[in-house]
S.K.: 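Could you have a look at this structure, given as structure tokens, before my questions?
The figures here come from the full heavy-atom set of this structure, side chains too, leaving out hydrogens, waters and symmetry mates.
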Amino acid sequence: MNTANDEYANQLSSALAKITKTPALTAGILEDSANVIAKEGCDALNTHRVGIWRMSDDARTLQSIASYNSVTDQLVVQEDFPLDHRQEYVKLLSNERLLVISDLDQPNPLSDLRDEYGPSICALLDAPIRVGGKLVGVVCIEQDRCEDFPDKREWTIEEQNFTSSLADFTALAMESAERRLLMRRMEILMSNLPGMVYQCLNNPPDFTFTFVSEGCYNLIGYMPQELINNNAVKFFDMVHPDDVEALAKINAETLSIGLPLETTFRMIMKDGSVKWIWERSRVVETNPDGSPRLLEGFYTDITEQRRLEAAELANRAKSEFLANMSHEIRTPMNAILGLTDLALRNFPQESVLEHLSNIRNAGTTLLSIINDILDFSKIEAGAVELVPDKYDVRSFINDIVTMIHVRIGDKPLDFIVNDDPHMPREMIGDMTRIKQIAINLLTNAVKFTHEGRITLTVGAEPSGADGWYKLKISVQDSGIGIRSEEIPLLFANFSQLDTRKNRGIEGTGLGLAISKKLVGLMDGEIQVESVYGQGSCFSFYVMQRVENLKPAVILPAVPGRRVAIWLSNAAKAEALSEKLANLRVPFDVVKGPDTFAQYSHAFFDFDKYPRVCAVPCPRTKLVAISHNAMHEQGLPPHVKNVSMPFTSLTVAKLLDDGTACAENETMQMGQTAEDSSLQLHDTSLLVVDDNEINLVIAENVLALYGGQVSVAQSGAAAIQLIEENDYDIVFMDHMMPEMDGVDATQIIRALPGEKYRKLPIVALTANVVGDVRDMFLQSGMNDFLSKPLEFREIERVLQKWLPPGKWSRVLPEGTAEAEGAEKTPLP
């Protein structure tokens, strides 16, 4: 046969065209598709048989789908074709485009085929069927001996390509059949669901249903054809009138940014009755502009559930409180992750330390919030215990400011801090509880103030004898305010006022109630003043004992110090003026930079007047006030940067000539490795932790003291490093997969050699419940540090376990002890 013959080529093309037009091919009817492919393929190739086979799930047999015999003109299903002893054949099908056998008398992967077919067959052409790159079957072209092919048949390129096309069509039929099967299963599933599945076009103000499951009749009384294309009723015509506005708003706000929607609303049935509906929907297709085009979702009847919930309202409200708290937890966690990302980039050393300090503050607040989740049950049971301890008011204020600054984010708000620098530096009280109250009031101010200003005021005044003071804190905002008739309801459990206006604003409705009870436990009072539409002011005081009467911020007078203020924002200028007045620093509010040269320092609005940095003022220190502390990168040496909000301590440090820094650096809670005078010498440290982020933080913190730090992410890796190297201290994480820190320590202690028994091993653990110290000591460890790590505890461990000569203290420059000696070893 001449395969170049036009008539034969047309014959092959015509067969492919017939197969393409077969309705069963895309309808998912595999058997009908396979019959057409087998017969048309056999007739077009003028061969004896064409078989279509599917690979079994265990890949041990080929199962016949269809087989056409041109001699008998019959379509049959053959017996399974075993593959157990034909692995070379399977391998070729998996790797080759085609298996071409022109002469079965020659060696081939199917040399035993004659045992089944006899001597009549002379040639084979097999095309693998692949779906998603996976071998799922084969199309077998079989040629018997005949007058045209007495011994063999040479398969032409055209015939080979044709056979590959037959395999491709079979793959398409298989995929269509699988889809049809899945759709049928889905239809059965949807028909049994206690609700309605739908697809609809998002064409505001309407939603046009394009598919509705049969469950709609049992749910709302309408047949599917009544809802599709809005034939009988539109979606929002079925929604209860009181829920239309809220539902339209949450649909627009949530789906427009691609988030899935979960909501509840009331729907009017065809018979006029009303049901509560729970809906979950998502966007499956978008328009070119990114707006949602096609939605899919599910409705179910929750009327009975709502009825039961009404009887258990208090318990449900508590559950919602726990769910809503997840937002409060995520907020500081996002700060931790974002600031960590910044800290791990190649910033200068000072910036890295600043970010690590902020991470610590945000992490501390996160731990406080997690603990607060448990407070509600304790408050209800009257079992809340205050834990008084000494704290530094400057660190207390800094922690609050850092947290709220993160929560404000990009909101157009001016956050102003008015802190009295003359209040006592150290007090005794439950700082965590006071911080909890202040953060709650500030968080509410951020939620309900869309623009304008929020002012935090902190001060203290003597109250009676024996060193008692009133710590007074107020939060004033320019937000939406509170109606006078609703103020008495503010401190009730689980209440959120003006819910229609505040719909969409997150909150548990519990924070103010907890705050009031906590203030009462500390012998204080909480008050609120508000004008609806203009803003609110929450204020409270708690009784605290004074530990250190020294003023919180000290700025010694310096002859010639005078400050110029040039700020476009009146609120910022007023806040800075008040701080300077409290610090007893002379200042003037000026109208431009022309007079800067007359002052020792000049504060200006960097965001609005960045060109001031280039103004020549050789004797004036410029301070740029901006919303971004990173503006300091690249500023000239004579220009400092401070971001809003700033505290009295921040201003004092900016104006200080060296004296105030010494006075103000002993901030216990705010200490960083950069503040410390501890220095390590020729010290090798190993940190073991399965969490990569924890390793990065620990490695960078310890490196700041001057130590050479190695890391390991498992107990086994730590043991190997310890055998290969000499370390002065090992910091060992307690809980690790496969081998925890206790097991690793015991293995290290059992290694041959005295050094392994003397090596200091310090546990790193989040488990600080119970007598964990004894447990670690009994396991062979020397000490432990609790997570999150604190610099004071790190320094305690380093000084205790490092040998003499491995560490020293660097005295601050300018002190009498430092004259003539840079370093002073400690005993």
Side-chain angles (χ1 to χ4, degrees), residues 348 350-351 354 394 397-398 401 405 414-422 551-665 667 670 674-675 812-814:
E350 182 178 351
S351 296
E354 179 183 352
R394 298 165 303 175
I397 295 170
N398 182 70
V401 170
H405 185 55
D414 288 322
F415 182 24
I416 295 170
V417 179
N418 292 328
D419 56 320
D420 183 3
H422 307 299
V553 182
I554 298 175
L555 184 64
V558 174
R561 179 192 288 145
R562 193 173 188 86
V563 176
I565 301 174
W566 184 43
L567 298 175
S568 59
N569 186 300
K572 293 179 185 178
E574 181 181 349
L576 179 56
S577 298
E578 184 172 347
K579 285 181 174 58
L580 293 172
N582 286 333
L583 291 169
R584 298 181 177 89
V585 176
F587 67 92
D588 295 307
V589 177
V590 301
K591 296 183 178 180
D594 297 339
T595 60
F596 279 6
Q598 304 173 22
Y599 297 87
S600 62
H601 300 77
F603 287 74
F604 68 97
D605 192 335
F606 179 84
D607 295 327
K608 190 167 184 180
Y609 310 117
R611 295 184 179 179
V612 173
C613 296
V615 174
C617 299
R619 297 183 180 180
T620 304
K621 296 178 181 179
L622 301 181
V623 181
I625 297 179
S626 71
H627 285 284
N628 187 356
M630 294 310 299
H631 283 154
E632 187 162 359
Q633 303 294 322
L635 287 179
H638 70 289
V639 180
K640 297 295 182 181
N641 172 253
V642 60
S643 60
M644 294 290 290
F646 47 79
T647 64
S648 296
L649 180 60
T650 304
V651 175
K653 286 185 175 181
L654 289 167
L655 302 178
D656 179 57
D657 58 358
T659 308
C661 288
E663 284 287 334
N664 295 312
E665 68 184 357
M667 295 174 57
E674 186 182 27
D675 300 323
E813 293 183 7

S.K.: Going from CG on Leu649 to CG on Asn398, what distance comes out if it is rounded to the nearest 0.5 angstrom?
M.R.: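 Reported to 0.5 Å precision, the distance equals 8.0 Å.
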S.K.: I'd like to check the side-chain contact (heavy atoms from CB on, under 4.5 Å) partners of Asp420; sequence neighbours left out, ordered by chain and number.
M.R.: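 Per chain and number, Asp420 pairs via side-chain contact (heavy atoms from CB on, under 4.5 Å) with His422, Met423.
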S.K.: Who passes salt bridge (Lys or Arg N to Asp or Glu O under 4.0 Å) against Arg584, sequence neighbours left out?
M.R.: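 Arg584 satisfies salt bridge (Lys or Arg N to Asp or Glu O under 4.0 Å) with no residue once adjacent residues are dropped.
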S.K.: Of all residues at least two apart in sequence or in a different chain, which pass the side-chain contact (heavy atoms from CB on, under 4.5 Å) check with Ala624?
M.R.: Phe604, Phe606, Val639, Asn641
S.K.: Can you pull out every side chain to side chain donor-acceptor pair (under 3.5 Å) where at least one residue sits in residues 589-603? Sequence neighbours excluded, please.
M.R.: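 The answer is Asp588-Tyr599.
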S.K.: If you measure from CG on Leu567 to CD1 on Ile625, what distance do you get to the nearest 0.5 Å?
M.R.: 4.5 Å
S.K.: Can you tell me how far apart NZ (Lys640) and CG (Leu655) are? Round to the nearest 0.5 Å.
M.R.: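 CG of Leu655 is found 12.5 Å from NZ of Lys640.
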S.K.: For a quick test of reading the model, state the closest non-hydrogen atom pair linking Phe415 to Met644 and the distance between them.
M.R.: O-CE, 3.8 Å
S.K.: Is the closest side-chain donor-acceptor distance between Ser648 and Asp419 under 3.5 Å?
M.R.: yes
S.K.: With sequence neighbours left out, what residues match Asp414 under side-chain contact (heavy atoms from CB on, under 4.5 Å)?
M.R.: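 Result, side-chain contact (heavy atoms from CB on, under 4.5 Å) vs Asp414: Arg453, Asn569, Lys572, His627.
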S.K.: Could you work out, with side-chain hydrogen bond (donor to acceptor under 3.5 Å, both in side chains) as the rule, every residue matching Thr620, not counting sequence neighbours?
M.R.: none
S.K.: Can you pull the ring-ring contact (aromatic ring centres under 6.0 Å, His included) pairs that have at least one residue in residues 560-588, sequence neighbours excluded?
M.R.: Trp566-Tyr609
S.K.: What distance separates Leu580 CG from Arg561 CZ, expressed to the nearest 0.5 Å?
M.R.: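 If we round to the nearest 0.5 Å, Leu580:CG and Arg561:CZ are 10.0 Å apart.
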S.K.: List, one per line, each side-chain donor-acceptor pair under 3.5 Å for residues 552-559, sequence neighbours excluded.
M.R.:
none

S.K.: What is the distance from atom CZ of Phe596 to atom CZ of Phe603, rounded to the nearest 0.5 Å?
M.R.: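 One finds 11.0 Å between CZ of Phe596 and CZ of Phe603.
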S.K.: For Glu578, give me all partners under side-chain contact (heavy atoms from CB on, under 4.5 Å), at least two apart in sequence or on another chain.
M.R.: Asn418, Asn582
S.K.: Under a 4.5 Å cut-off applied to non-hydrogen side-chain atoms, are Ser626 and Asp607 in contact?
M.R.: yes
